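Accompanying notes for the structure given below.
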Amino acid sequence: MSQDSNGGSHRAAGRRRRKPPKRRRALVIAAWSAAGVVLLGGAGLGYFYFKLNGNLKTVDIDQALGTDRPQNVDNGSMDILVLGSDSRGGANADYGPDDGGSARSDTAMIVHLNEGHTKASIVSIPRDTMTARPACTTGKGKTDPGGPREQFNEAYTIGGAACAVKTVEKMSGIRMDHYLEVDFTGFKKIIDTLGGVQITTAKPIKDDYSHLDLPAGPNKLNGEQALGLVRTRHAVGDGGDLGRIQLQQAFIKALIKQVKSIGLFDNPKQLLDLADTGTRTITTDKSLGDVKSLMGFAQSLQGIDAQDMHMITLPVAADALDPNRVAPLKKESKLVWDALLADQPIPAEATANSAGDKGTAGSIVQ
């Protein structure tokens, strides 16, 4: 540099800024490229986050039920009511006469996670269980008075998710921390996005009602076949709902093994496809109704394998007034609810006399 007469500095005429060494230029280019990747990746993740959040449907159980609920026992455990809804309207009309979308709870499970979220106790509630149902607000804003003797799955038909949760809480004395619901079509899409589920059947299963026809031996089920399996009841046991529940429980364990084996986190595209499909097809309570909360919940379950799950059916016997319905065994049911409240394993004597845990329908699927 040289100085002018005013003491300022100027660059000598004709001099050009020296280029940085090649190694430095390479580092600069790499730094900008990395920044670009981060920015583009962040934008992509932001897009998917926004998209997946927009997919989710929620129901505000807390607002709907208010203070008329069991006490929240804060011992680190968690209880979730999981429903499979059985609407025959719209895309689900292939599975029976169109009901105009008047859904029922086709499948109902209470999933209890222990304090460390290392084990799960799952209690299936037969849909035709006769039980006391509390008063519920209907979809038209009116109040249905309920009654001492109502069929369990009608609670959802009458008052939706809030009435189903309220009925379960009255039955069990346990406050549900969360609510998850999936319908027929959503279930199929999830299975197809996973690439199917591998099972082995001990004997052929053919049920014209659920459109299921499986040979004995290894079978890889697509979404349609998987739905047929969890819906079938005429081809197993005595043709009732209890045998079907055993099949559902066996299928869930096979599904968990499948998810654990395929390494979803090693396949980003499949993971995003599954996230998109899953968030489109489930309904959650409001506190799980965003991707961050739902992902945190899912991550808390990663340590639970199929062998860590104890699955039972609510202890029931044939209903005294209607042989086509079942009724809870009071003493045995209390053992179940008390165990979940205390975050303890369900004792074996709770299911010793239950019609729901007899039979061999569950052993058909491996």
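Heavy-atom basis, side chains included; hydrogens, waters and symmetry copies ignored. All figures in this text were calculated on a predicted structure; none of them were measured in a lab.
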Determine, using the 4.5 Å side-chain heavy-atom cutoff (strictly less than), whether Ile346 and Val316 are members of one ILVMFWY cluster. yes
Is Leu214 reachable from Phe251 through a run of hydrophobic residues whose side-chain heavy atoms are each under 4.5 Å from the next? yes
Take Arg175 and Asp177 through the test salt bridge (Lys or Arg N to Asp or Glu O under 4.0 Å) and record every step on the way to the result. CA-CA 6 Å; Arg175 185 185 180 107; Asp177 297 292; 5.8 Å; no
Neighbour count >12 (heavy atoms, 6.0 Å) for atom CD, Gln307: yes
Are Asp319 and Arg149 close enough for a salt bridge, meaning some N to O gap below 4.0 Å? yes
Salt bridge check: are Arg280 and Asp276 linked by an N-O gap of less than 4.0 Å? yes
Check residues 138-146 and write down every donor-acceptor pair under 3.5 Å in which the side-chain atom is one partner and the other belongs to a residue at least two apart or another chain.
residue, atom, partner, partner atom, Å
Thr138, OG1, Lys140, N, 3.3
Thr138, OG1, Lys142, N, 3.3
Thr138, OG1, Lys142, O, 3.4
Asp144, OD1, Arg133, NH1, 3.0
Asp144, OD1, Arg133, NH2, 3.4
Asp144, OD1, Gly146, N, 2.9

Side chains of Asp207 and Thr232: do they bring a donor and an acceptor to under 3.5 Å? yes
With sequence neighbours left out, what residues match His117 under ring pair (Phe, Tyr, Trp, His ring centres under 6.0 Å)? none
Going by heavy atoms in the side chains, are Val59 and Tyr179 under 4.5 Å from each other? yes
Distance-only side-chain donor-acceptor flag, Thr277 / Thr193, under 3.5 Å: yes
Is there a path of hydrophobic side-chain contacts, each under 4.5 Å between heavy atoms, that joins Tyr156 and Ile245? no
Quick one: do the Thr118 and Asn114 side chains pair a donor with an acceptor below 3.5 Å? yes
Could you walk me through whether Ser85 and Leu83 pass side chain to side chain contact (heavy atoms under 4.5 Å, CB included), step by step? CA-CA 6 Å; Ser85 60; Leu83 289 188; 5.9 Å; no
Within a radius of less than 6.0 Å around NZ of Lys334, do more than 12 heavy atoms belonging to other residues, nucleotides or ligands occur? no
Under 6.0 Å from the NZ atom of Lys331, do we count more than 12 heavy atoms belonging to anything else shown? no
Determine yes or no for a side-chain-to-main-chain donor-acceptor pair under 3.5 angstrom, with Ser293 supplying the side chain and Asp290 the backbone. no
Closest heavy-atom pair, Ala108 versus Phe152, reported as atoms and distance to 0.1 Å, is CB-CE2, 3.5 Å
Take Lys189 and Asp192, measure what salt bridge (Lys or Arg N to Asp or Glu O under 4.0 Å) needs, and give me the verdict at the end. CA-CA 5 Å; Lys189 289 179 179 178; Asp192 284 334; over 6 Å; no
Heavy atoms only: give me the nearest Gly303-Asp308 pair and the separation to one decimal. O-OD2, 3.6 Å
Polar contact flag, side-chain donor to acceptor under 3.5 angstrom, Thr185-Asp183: no
For Gln248 and Thr107, test the side chains for any donor-to-acceptor distance below 3.5 angstrom and give the result as yes or no. yes
Do you reckon Ile304 sits in the same ILVMFWY cluster as Phe297, going by side-chain contacts under 4.5 Å, direct or chained? yes
With respect to Val123, which candidate in Ile174, Leu314, Thr313 satisfies the side-chain contact (heavy atoms from CB on, under 4.5 Å) definition? Leu314
Cluster question for you: counting only ILVMFWY and a side-chain heavy-atom cut-off of under 4.5 Å, with indirect links fine, are Met309 and Met78 together? yes
Applying the side-chain contact (heavy atoms from CB on, under 4.5 Å) test to Glu169, which of Asp79, Leu65, Asp68 qualifies? Leu65
